[in-house]
Novice: 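Quick one: the structure is below, and I'll ask about it shortly.
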Amino acid sequence: MADAKVKKECDPADAAMIENRIKELCIQFPQGITDHVIQNDMPHLEPTQRAMVINKLLSVGQLDLLRNSSGLLYRMKDAQSASKMKGSDNQEKLVYQIIEDAGNKGIWTRDMRFKSNLPLTEVNKILKNLESKKLIKAVKSVAASKKKVYMLYNVQPDRSVTGGAWYSDQDFESEFVEVLNQQCFKFLQSKAEVARDSKQSPMIQRNSSFATSHEVWKYICELGISKVDLSMEDIETILNTLIYDGKVEMTIIAAKEGTVGSVDGQMKLFRGVNPIIQPTGLVKTPCGLCPVFDECHEGGEISPSRCIYMTEWLNF
Amino acid sequence: MYAHSSVQPMILCNVISRRRTPSRSGSRAEMMTAQEARLCGLLLREHFGEVVEKIGTHLLRSGAQNLRTIVNESGTPIDLVKKSLCVLMKHGACRFSIGRKGPGSPVEYQASCERILGILRYPRYIYTAKTLYSDTGELIIEELLQRGHMTMSSIVKMVADRLTHNMEEGRSIEYNEVVSTFSKLVETHFLQRCPPVSEVVPPVSTAPTVPGAPAAPVSTGPPTPESFSDCYLVPSVSLAGRGKRRRSGEDAVLDQGTTKKAKTDLQTHGDEGIYWQVNFERFHLHFRDQTIISAVASKLDQTSSEIVRTMLRMSEVTTTPSASCTQALSANEVFRSLPANYSISRPVLDQYLTLLVDDPMEFVGKTGDSGGGMYVVNLHKALTNLARATLESVVQEKFGSRSARIFRLLLRKRHLEQKQVEDFAMIPAKEAKDMLYTLMSENLVLLQELPKTPDHAPSRTFYLYTVNQLATARMLLQHCYKTVANLIDRRLFQTKESKRLLEKSQRIEAIMASLQASGAEPEQLTEVEEMISAPEKQQLESLRHHINKLDSAENQVDETIFLLKSYVASTARITR
């Protein structure tokens with residue numbers, strides 16, 4: 001009896017002391033403290049009391065509860081974020097935490113519902129609330145245009161969401177890619193022409209017509225046609241499209257580590273080339289390009305004798 | 001084949017009667033598509049007339065048949081059938097062989113679709129002969145192509161007459177000059193002897209008159225001309241004389257030599273029975289080499305193409321036509337055989353050869369290091385690359401350069417998903433989808449499904465886009481045949497439309513010619529000229545222009561046909 005009384009009397013003053021002690025411990029261990037640490041520090045503290053204090057700190061918003069592989073962690077919440085959340089209730093705090101955890105990739109509303117176990121209407125209300133408080137923002141994903149992803153206000157969206165250098169506001173910048181395409185091709189073509197006109201031995205001619213991806217990257221940067229910073233990988237994707245256009249060919253050579261532009265001991269070299277044949281004979285006739293080729297029969301509605309494409313082509 | 005020799009005669013009759021009814025007996029018919037059949041019909045009609053067309057198309061469709069069956073099924077009188085078969089055989093478009101039921105059964109005739117389609121390429125053969133052997137060669141090839149088989153003496157005389165006619169007054173050409181060009185053509189294998197049949201019978205008339213009579217030939221399969229050792233042996237003939245000029249005053253009935261004057265007929269020159277024909281295979285090899293050389297020239301430079309030309313020339317005689325690469329040549333040999341005006345030093349030659357080997361197109365490969373390096377020309381790879389470039393050019397012209405980018409991407413990377421196509425080609429998703437679906441609807445791109453689960457659920461399946469080069473090449477080849485048939489149809493249609501006008505202009509020309517010959521005055525000539533009014537003249541002019549355009553378009557499409565066909569044949573040989 002006396003013990004119980006003593007305990008009850010101790011509580012208010014002790015509670016404050018314990019709180020402060022725990023806060024000090026948190027400051028001491030910024031990455032978080034476990035139950036174990038608190039117990040070591042204050043061995044006389046009973047688990048129930050400890051739990052009460054910790055709950056109080058949590059509800060006030062001064063402590064963060066985290067879980068790691070070995071158990072629960074308590075971490076000091078910084079004052080700033082603590083003040084931010086002053087006006088919000090627990091649910092909002094939970095949602096905010098989930099969004100924060102999602103980092104720069106953001107999180108979708110459906111995933112949010114799974115993680116927080118809140119009904120849809122609640123989630124939507126909270127999201128609107130947080131948005132109005134300018135704590136989070138919605139970013140449209142480039143892969144699916146209807147999908148909205150939420151992330152913290154001051155976080156830069158990740159490349160996979162915005163699409164990187166080629167997308168601006170979820171629109172693929174075709175003209176930008178086209179312009180880069182043409183500029184790279186012109187650069188490589190002029191280099192090849194210079195090499196051809198130099199009239200040196202064929203080996204030197206060929207080698208001087210090559211340009212490394214690093215050279216092309218430097219040239220494009222110096223041209224200054226791009227508002228966005230382009231990396232060497234971006235330029236390489238542009239050069240690859242030129243290969244698929246059949247205008248450029250590529251070789252890989254081994255390069256010493258440390259030479260400019262080498263990646264993993266290799267360098268990619270690009271060179272403008274000529275096509276090996278002229279446009280083939282079939283496409284010089286109207287039939288080769290005819291959109292209704294399969295419906296054309298002698299004696300039918302569409303037939304060679306009455307073909308209007310042929311008439312136009314013959315009168316050309 | 002058929003072991004009927006051991007079967008009793010009665011049962012043999014039953015079998016024969018059962019076998020005879022279906023006209024399409026299957027096993028011997030050459031594989032041929034509807035487009036090819038249509039084109040063959042058009043070519044036969046233009047060059048030989050409607051009767052031959054009817055018999056020819058009938059034979060093409062129904063495979064090997066004997067004379068009586070042809071007569072019955074085509075409903076033409078037997079003498080016309082015989083004449084058509086003669087014409088077809090003289091041009092090598094039809095061959096005869098022993099009947100399927102063993103010796104003693106009637107001879108069967110089979111038409112060759114490929115040979116008939118070769119008629120399309122005649123202008124190209126003539127032009128090649130002209131570039132290689134000038135006018136004499138051109139005329140020799142032209143005459144031979146027109147007549148199928150001829151003896152050397154008759155060719156020489158005809159060509160000499162034609163050349164003399166085109167020269168100025170008072171000059172004529174010696175027979176010996178023509179003979180020397182002829183010998184050169186035989187030496188380089190552009191001309192070959194027709195394979196003799198078992199007896200010394202002129203191949204012109206071997207159709208047996210009565211079905212059931214013992215057939216003359218005993219060969220089991222069509223003999224190739226090259227299986228005879230004398231194939232390229234020029235006979236020694238006694239031909240002395242000069243070309244005769246055809247006087248304009250002589251009877252105008254005298255054609256370009258189809259009817260010979262009585263006195264020249266009696267001269268024999270010691271080469272009766274030895275008939276010559278054009279060796280098409282050799283021309284095809286030449287065309288193939290030309291295409292490869294021009295591809296090297298446009299991809300690299302002139303000197304590299306000269307080196308490749310030298311290599312191909314050196315391996316003309318040592319490489320079989322169906323090889324996938326030429327015989328290995330050492331760099332020393334190539335250096336010695338380079339043409340005199342291309343004086344490059346030995347190290348420079350080595351550099352060029354290394355560059356040719358390193359080129360991604362792989363025209364030339366290195367097989368060893370002896371003799372300064374052993375090099376081969378990769379014929380099959382070159383044909384594959386050329387066919388691929390043809391396919392890409394068709395897609396580019398028909399669908400635009402971005403679709404061509406997707407097509408080339410799929411050719412390179414084989415199988416790709418939708419998202420990967422968009423990323424590699426840097427084309428926005430909506431447009432990429434649109435282009436891919438258009439290409440798929442034209443069967444240029446195929447969809448390959450790769451299920452992840454056994455139930456093939458669409459949400460759990462990979463869908464990969466892919467391009468099959470060989471199948472696409474075959475498909476485009478058929479399109480080419482249809483295109484040429486369309487062009488010929490249109491040309492015939494336009495000629496038919498303006499038939500009246502053409503006849504009128506021909507009459508006027510004849511009147512003019514006769515007036516000029518008989519020395520009329522200028523007023524009479526102008527009067528006759530004015531019988532054609534100005535708009536009619538314009539119409540004639542535009543008609544002429546149209547016909548020329550259609551003709552040249554046919555030749556251009558034929559180049560594509562040649563390339564694709566060589567590629568398909570070469571691939572078939574490799575994979576056999």
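All values derive from a computational prediction rather than experimental measurement. We name chains A, B, ... by the order of the sequence lines, and we start the count at 1 in each one.
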Novice: At a 4.5 Å cut-off on heavy atoms, which part of B/Gln494 comes close to chain A: side chain, backbone, both, or neither?
Specialist: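 Contact with chain A: side chain only.
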Novice: Measure distances from A/Arg306 to the heavy atoms of chain B and classify the residue's part below 4.5 Å as side chain, backbone, both or neither.
Specialist: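 Just the backbone, heavy atoms under 4.5 Å.
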Novice: Quick one: what part of A/Thr285 sits under 4.5 Å from any heavy atom of chain B, side chain, backbone, both or neither?
Specialist: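 The side chain, not the backbone.
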Novice: Which atoms of B/Glu559 are under 4.5 Å from chain A, going by heavy atoms: the side chain, the backbone, both sets, or neither?
Specialist: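 Neither part.
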Novice: Regarding B/Glu442 and B/Lys398, does a basic nitrogen lie under 4.0 Å from an acidic carboxylate oxygen?
Specialist: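 B/Lys398 and B/Glu442: salt-bridged.
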Novice: Please classify the contact between B/Thr483 and chain A as side chain, backbone, both or neither, with a heavy-atom cut-off of under 4.5 Å.
Specialist: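 Both backbone and side chain of B/Thr483 come within 4.5 Å of chain A.
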Novice: Measuring heavy-atom distances to chain A, does B/Ile488 have an atom under 4.5 Å in its side chain, in its backbone, in both, or in neither?
Specialist: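 For B/Ile488, neither part sits under 4.5 Å from chain A.
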Novice: Hey, is A/Glu222 close enough to A/Lys218 for a salt bridge, meaning N to O under 4.0 Å?
Specialist: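 No, A/Glu222 and A/Lys218 are not salt-bridged.
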Novice: Quick one: what part of B/Leu355 sits under 4.5 Å from any heavy atom of chain A, side chain, backbone, both or neither?
Specialist: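 Interface part for B/Leu355: side chain.
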Novice: Has B/Arg408 got its NZ or CZ under 6.0 Å from the middle of the six-membered ring of A/Tyr244, at an angle within 45 degrees of the ring axis?
Specialist: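 B/Arg408 over A/Tyr244 ring: no.
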Novice: Among A/Thr251, A/Val273, A/Thr311, A/Asn240, which residue has the highest count of heavy-atom pairs closer than 4.5 Å to chain B?
Specialist: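 The option with the most such pairs is A/Thr311.
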Novice: What is the distance from atom OG1 of B/Thr438 to atom CG of B/Leu444, rounded to the nearest 0.5 Å?
Specialist: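 Here the rounded value is 10.5 Å.
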Novice: Could you tell me whether B/Arg544 and B/Glu541 make a salt bridge, using a distance below 4.0 angstrom between a side-chain N and a carboxylate O?
Specialist: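 B/Glu541 and B/Arg544: salt-bridged.
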Novice: Under 6.0 Å from the six-membered ring centre of B/Phe562 and within 45° of its axis: does the NZ or CZ of B/Arg121 meet both?
Specialist: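 Checked: cation-pi criterion not met.
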Novice: Between B/Ala389 and chain A, with a heavy-atom cut-off of 4.5 Å, which part of the residue counts as in contact: side chain, backbone, both or neither?
Specialist: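 For B/Ala389, heavy atoms of backbone and side chain both lie under 4.5 Å from chain A.
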Novice: Under 4.0 Å between a Lys/Arg side-chain N and an Asp/Glu carboxylate O for A/Lys284 and B/Glu397?
Specialist: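 Judged by the 4.0 Å cut-off on N to carboxylate O distance, A/Lys284 and B/Glu397 do not form a salt bridge.
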Novice: At a heavy-atom distance under 4.5 Å, which candidate from A/Asn181, A/Ile243, A/Asp245, A/Leu289 has the highest pair count against chain B?
Specialist: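 Ranked by contacts with chain B, first place is A/Asp245.
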Novice: Do the charged groups of B/Asp434 and B/Arg402 touch, with an N to O distance under 4.0 Å?
Specialist: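 Looking at B/Arg402 together with B/Asp434, the answer is no, because their closest N to O distance does not fall below 4.0 Å.
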Novice: Look at B/His545, B/Lys482, B/Arg412, B/Arg491 and state which one has the largest set of heavy-atom pairs under 4.5 Å with chain A.
Specialist: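 Most heavy-atom pairs under 4.5 Å with chain A: B/Lys482.
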Novice: Could you look at B/Lys496 and say if it's the side chain, the backbone, both or neither that has a heavy atom under 4.5 Å from chain A?
Specialist: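 B/Lys496 has no heavy atom closer than 4.5 Å to chain A.
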Novice: Ring of B/Phe424, cation from B/Lys413 - is the NZ or CZ under 6.0 Å from the centre and inside 45° of the axis?
Specialist: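 Judged by the rule, B/Lys413 and B/Phe424 form a cation-pi pair.
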Novice: Taking every non-hydrogen pair under 4.5 Å, which of B/Asp301, B/Thr303, B/Thr354, B/Leu550 racks up the most with chain A?
Specialist: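 Highest number of pairs under 4.5 Å: B/Leu550.
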Novice: Using a cut-off of under 4.5 Å for heavy-atom pairs, which of A/Pro291, A/Cys307, A/Cys290 has the most such pairs with chain B?
Specialist: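 Among A/Pro291, A/Cys307, A/Cys290, the one with the most close pairs to chain B is A/Cys307.
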